Amino acid sequence: MASVDKRLPTPPALVSSLKDIFKARQMQGQLRAEEFDEVLPAECGDMGDLELLQEKGTENTATHATDFVSSKDERPAVLVTNDDGIQAPGLRALVQALITAGRCNVHVCAPDSDRSGVGHSVTIRSAVAVTAIDIRGATAYEVSGTPADCVSLSLSGVLFPSSRPALVISGINKGSNCGYHIIYSGTVAGAREAFVCGVPSIALSLNWKRGVSNEKDFITAADVSLPLIHATLNDIERGVFPKGFFLNIDIPTNPAQHKGFRVTRQGTSRLAGRWCSVSPLQRHISGASFAKELGIGIQLAQLGRAASAAGAARRLNSPLKTTEIESVAGDENGAIPPGSQNIQYFRNEVDDIEVGEATEDNDFGTVEQEYISVTPLGVVTHLEPEALIGVADWISSVNELKPSSL
């Protein structure tokens, strides 16, 4: 079991909440005393009488988390979304972990198909289709829109009128979202949309690598994320969770062997790519599936026929309620239009090569060193004062912009 890295300090309120979570897990027999010491060492504060906790834990080993919920369910709601689609193993692992833990009511609203790489795009010129999905223990919907659409719609009160979520979690993404990847990432955009709407949020991503990772890693990634999620919920309920940011969390390739949590800054890593000419018949074949296998957090957006086919087929055959039907039309969804022989088609193929800085204090370097990267992000761009001074000097030097030249 890994320990919290102490070179970058963990906020005291978060440490306190983590202690509460791990004590509760020990009380339920899920955590041994020696593991408790490793997770939160003595330097983090007094752990109390671990032997007494262990005795109490053995008495309550068979107690399920939901047994502590009163008849009037006052647990907070957590909304889960992603950009890989509602059937993605990362989302399913996270949802199952949250349901099993019993700490919150779980709401799910996610795209009906893979929307990787759509960034913070939203649907404004057409309706989106919303279909109820059966996920035992959760209230779930799939949407023919983007991750930002899913979060915005969920927070509007139309789908979940009874309760506004206390926390929004986007992920677990198949591939890291470090550095410049966050610009393109639909997963990060889902968390960012919640932040814009005033709801605390977390983006979760697994540094998936082809030939190394497997779907069981999502289960482990969800498990190692739970203490931080529960600590966040505790502080939200106590009114002490810090404001002014949302969290972008990247989990190393082998989550079971992670070395701890490290607070980082956003780096500048990105993927090398190249544009390739393709035939008209190949134009609808997306590179997204290939990119996901490479463990990439940014992929091509496929917003035409291929992106909607899976969701449309499920809606036609679903016995569950469809709230609204999407209109899908246009040349991009049909055959090659007449007179298009002179049109050229290109596809952006990304390589499994990261370029950019990898240091101990940035997200990409931290994940490569097998730590869990916790990067606070905002929405407003903050430039160094030198940049503002430089722009002011440049503007004042441009003759065409001086009052006498206007």
Side-chain angles (χ1 to χ4, degrees), residues 1-10 14-15 18-19 21-22 25-26 29-44 47 84 88-98 100-101 169 171-179 181 187 202-232 247-265 267 269 292-297 352-354 358-375:
M1 183 74 66
S3 60
V4 177
D5 185 87
K6 289 173 284 186
R7 279 177 288 183
L8 285 171
T10 306
L14 181 58
V15 171
L18 283 170
K19 291 178 183 178
I21 296 302
F22 288 123
R25 291 181 66 183
Q26 189 185 38
Q30 298 175 12
L31 197 68
R32 299 190 306 273
E34 59 269 24
E35 292 178 319
F36 191 64
D37 276 330
E38 292 173 359
V39 173
L40 288 175
E43 289 83 351
C44 290
M47 295 292 101
D84 292 335
L91 179 141
R92 293 302 179 116
L94 175 60
V95 168
Q96 187 57 56
L98 292 172
T100 301
I169 306 176
I172 300 171
N173 189 65
K174 187 178 182 179
S176 65
N177 276 309
C178 299
H181 294 226
T187 297
I202 298 173
L204 288 173
S205 303
L206 172 65
N207 189 26
W208 177 278
K209 291 187 178 179
R210 182 176 57 168
V212 177
S213 303
N214 60 71
E215 291 191 0
K216 291 182 179 179
D217 292 329
F218 287 115
I219 298 174
T220 308
D223 184 60
V224 301
S225 302
L226 280 181
L228 183 62
I229 293 171
H230 290 170
T232 301
L247 294 177
N248 183 38
I249 298 177
D250 285 278
I251 302 168
T253 304
N254 188 347
Q257 300 299 321
H258 77 87
K259 297 178 181 178
F261 294 81
R262 182 183 288 177
V263 179
T264 61
R265 62 179 179 85
S269 59
K292 282 291 186 184
E293 278 303 305
L294 294 180
I296 292 168
D352 191 19
I353 301 174
E354 291 274 357
T359 63
E360 282 193 355
D361 67 336
N362 75 19
D363 44 14
F364 177 56
T366 292
V367 173
E368 288 295 297
Q369 294 177 27
E370 299 182 355
Y371 287 89
I372 296 177
S373 169
V374 181
T375 308

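Since the structure is predicted, the reported quantities are computational estimates derived from the model, not experimental observations. Both backbone and side-chain heavy atoms feed into the values below; hydrogens, waters and symmetry mates do not.
- Residue Gly90 comes nearest to Phe218 through the heavy atom pair CA-CD2, 3.5 Å, listed as atom of the first residue, atom of the second, then distance.
- Ile251 contributes atom CD1, which lies 10.5 Å from atom CG of Asp217 (distance to the nearest 0.5 angstrom).
- A donor-acceptor pair shorter than 3.5 Å can be found between the side chains of Thr253 and Asn207.
- One distance of note links OG1 of Thr359 with CD of Glu368; it measures 12.0 Å at 0.5 Å rounding.
- One finds the CG atom of Leu94 at 12.0 Å from the CG atom of Leu206 (value rounded to the nearest 0.5 Å).
- Between the side chains of Thr187 and Asn173, at least one donor N or O lies within less than 3.5 Å of an accepting N or O.
- Counting all heavy atoms, side chain and backbone alike, Ser205 lies closest to Gly175 at CB-O, 3.3 Å.
- For the atom pair CG (Leu204) and CG (Leu247), the distance works out to 9.5 Å, reported to the nearest 0.5 Å.
- Considering all non-hydrogen atoms of both residues, Ile172 and Ala222 come closest at CD1-N, 3.6 Å.
- The distance from the CD1 atom of Ile202 to the OG atom of Ser225 is 8.5 Å, given to the nearest 0.5 Å.
- For the residue pair Asp250/Ser373, the side-chain donor-acceptor check at 3.5 Å is not satisfied.
- Within the 4.5 Å cutoff, no side-chain heavy atoms of Glu370 are placed close to those of His258.
- Between Ser176 and His181, the shortest heavy-atom contact is O-ND1, 3.8 Å.
- Closest of all the heavy-atom pairs between Tyr371 and Pro252 is O-CD, 3.5 Å.
- For the pair Asp84 (side chain) and Lys174 (backbone), a donor-acceptor distance under 3.5 Å is present.
- Rounding to the nearest 0.5 Å gives a distance of 11.5 Å between CD1 of Ile372 and OG1 of Thr264.
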Checklist entry - Which is it for Ile169 and Ile229 under the side-chain contact (heavy atoms from CB on, under 4.5 Å) test, yes or no, and what are the steps along the way? => result CA-CA 9 Å; Ile169 306 176; Ile229 293 171; 3.7 Å; yes

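- In this structure the side chain of Ile219 never reaches within 4.5 angstrom of the side chain of Arg92, judged on heavy atoms.
- In this structure a side-chain-to-backbone donor-acceptor pair under 3.5 Å is present from Arg262 to Glu360.
- Of all the heavy atoms in Phe261 and Val374, the pair that sits closest is CD2-CG2, 3.9 Å.
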